[in-house]
Amino acid sequence: MSNLRENLSDKHVLQSDALHQYILETSVYPREHKLLKQLRDATAESDYKALTGMIVPAEEGQLISMLVKITDAKRTLEVGVFTGFSLLTAALALPKDGQVTAIDIDRKAYEVGLPFIRKAGVEHKINFIQSDATSALDEILNKVEEFDLIFVDADKPNYIKYHETSIKLVKIGGVIGYDNTLWYGTVALTVELAKEHEYMREVGKSVKELNSYLASDARVEISQVPIGDGLTLCRRFK
Ligand code: SAH
Ligand code: CA
């Protein structure tokens with residue numbers, strides 16, 4: 001498993017790159033908002049270029065946009081913004097009076113995407129909080145705010161903790177999405193990753209713990225969507 005990166009794509013868990021490309025070219029790129037494309041391209045040319053792969057792939061953005069609309073969301077929460085691709089996606093999908101609260105420890109990354117968010121005319125829908133997610137979520141909890149939709153895409157080892165807060169923050173009938181729940185496909189590996197892949201191995205363990213935790217959580221129904229790097233949707237029903 002020494003050549004992990006060569007064997008596992010960081011963009012999708014599909015059979016082939018060609019299939020991913022087919023989906024993008026047929027169904028996604030022709031409909032993608034030009035400012036979303038510009039934001040992604042600007043990230044790839046910024047100081048954060050090495051991390052561009054952290055952005056959800058465009059087909060997942062399309063699903064997030066649809067989720068916002070089919071849940072008729074007015075208030076959403078995002079944990080893990082980076083340069084704002086998924087955030088801009090949500091802000092574009094929200095109604096005029098919609099609000100997205102967005103938490104990230106790194107404001108500089110957010111500022112890479114901010115000009116595109118402004119150009120899209122949706123900055124007024126965004127409440128960006130620069131903070132560690134745990135403290136920001138605890139603070140929001142004290143305000144007794146309720147969200148229709150929550151998207152969690154930050155530090156995976158804390159996801160179970162974020163779930164416990166998110167479940168209180170999302171309304172009954174609302175949806176929480178956890179990103180990267182297939183962790184580059186490694187969750188199904190039958191052998192342990194080699195020492196040089198310690199980060200991948202350790203985060204992978206957390207992701208597997210999360211997946212088991214969610215699977216046995218009686219407060220939600222779940223759907224593990226094999227899009228991007230895996231997106232687990234949880235609908236709170238009690
Ligand atoms: N959702 C974004 C990508 C997010 S990448 C998109 O698809 O476009 C993950 C982000 O989580 C990074 O920007 C990182 O700064 C943030 N992050 C990691 N740990 C965090 C923490 N403990 N608190 C807040 N943000 C955190
Ligand atoms: Ca992600």
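This chain uses plain numbering: 1 for the first residue, then up along the sequence. Atoms within each ligand, like the ligands themselves, are counted from 1 in listed order.
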Handout entry: Side-chain H-bond candidate by donor/acceptor type, Asp155 with Tyr162, under 3.5 Å
Key =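 Tyr162 and Asp155 do have a side-chain donor-acceptor pair below 3.5 Å.
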
Practice task
Specify which N/O/S atom of Asp153 comes nearest to the Ca ion (ligand 2), by atom name.
Solution key: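 Going through the N, O and S atoms of Asp153 one by one, OD1 ends up nearest to the Ca ion (ligand 2).
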
Problem - Sub-4.5 Å side-chain heavy-atom contact between Leu67 and Leu233 - result: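 In short, these two side chains touch, coming nearer than 4.5 Å.
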
Return yes or no for this condition: an N or O of [X] is under 3.5 Å from an N or O of ligand 1.
X: Phe82; result: yes
X: Gly80; result: yes
X: Asp104; result: yes

Region of [X] engaging ligand 1 - heavy atom pairs below 4.0 Å:
X: Asn158; result: neither
X: Tyr162; result: side chain
X: Ala109; result: neither

Practice task
Check Glu78 against Ser86 and note the closest heavy-atom contact, atom names and distance.
Solution key: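 Glu78 and Ser86 have their closest heavy atoms at OE1-OG, 3.0 Å.
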
Check ligand 1 against [X] and write out every atom of the ligand that is under 4.0 Å from a heavy-atom position of the residue.
X: Val56; value: 6 (C), 7 (O)
X: Val81; value: 2 (C), 8 (O)
X: Phe85; value: 8 (O)

Handout entry: Value rounded to 0.5 Å, distance of CG in Asp41 from NZ in Lys34
Key =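 The NZ atom of Lys34 is 13.5 Å from CG of Asp41, to the nearest 0.5 Å.
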
Between [X] and [Y] (salt bridge meaning N to carboxylate O under 4.0 Å), is one present in this structure?
X: Lys74; Y: Asp97; value: no
X: Arg219; Y: Asp217; value: yes
X: Lys205; Y: Glu202; value: yes

Practice task
Look at the rings of Tyr110 and Phe128 and say which category their plane angle falls in: under 30° parallel, 30 to 60° tilted, over 60° perpendicular.
Solution key: parallel

Handout entry: Met54 near the Ca ion (ligand 2): N/O/S under 3.0 Å
Key =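 Checking Met54: none of its N, O or S atoms is under 3.0 Å.
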
Practice task
For the Ca ion (ligand 2), decide whether Asp179 has an N, O or S atom at a distance under 3.0 Å.
Solution key: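 Short answer: yes, at least one N, O or S atom is under the cut-off.
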
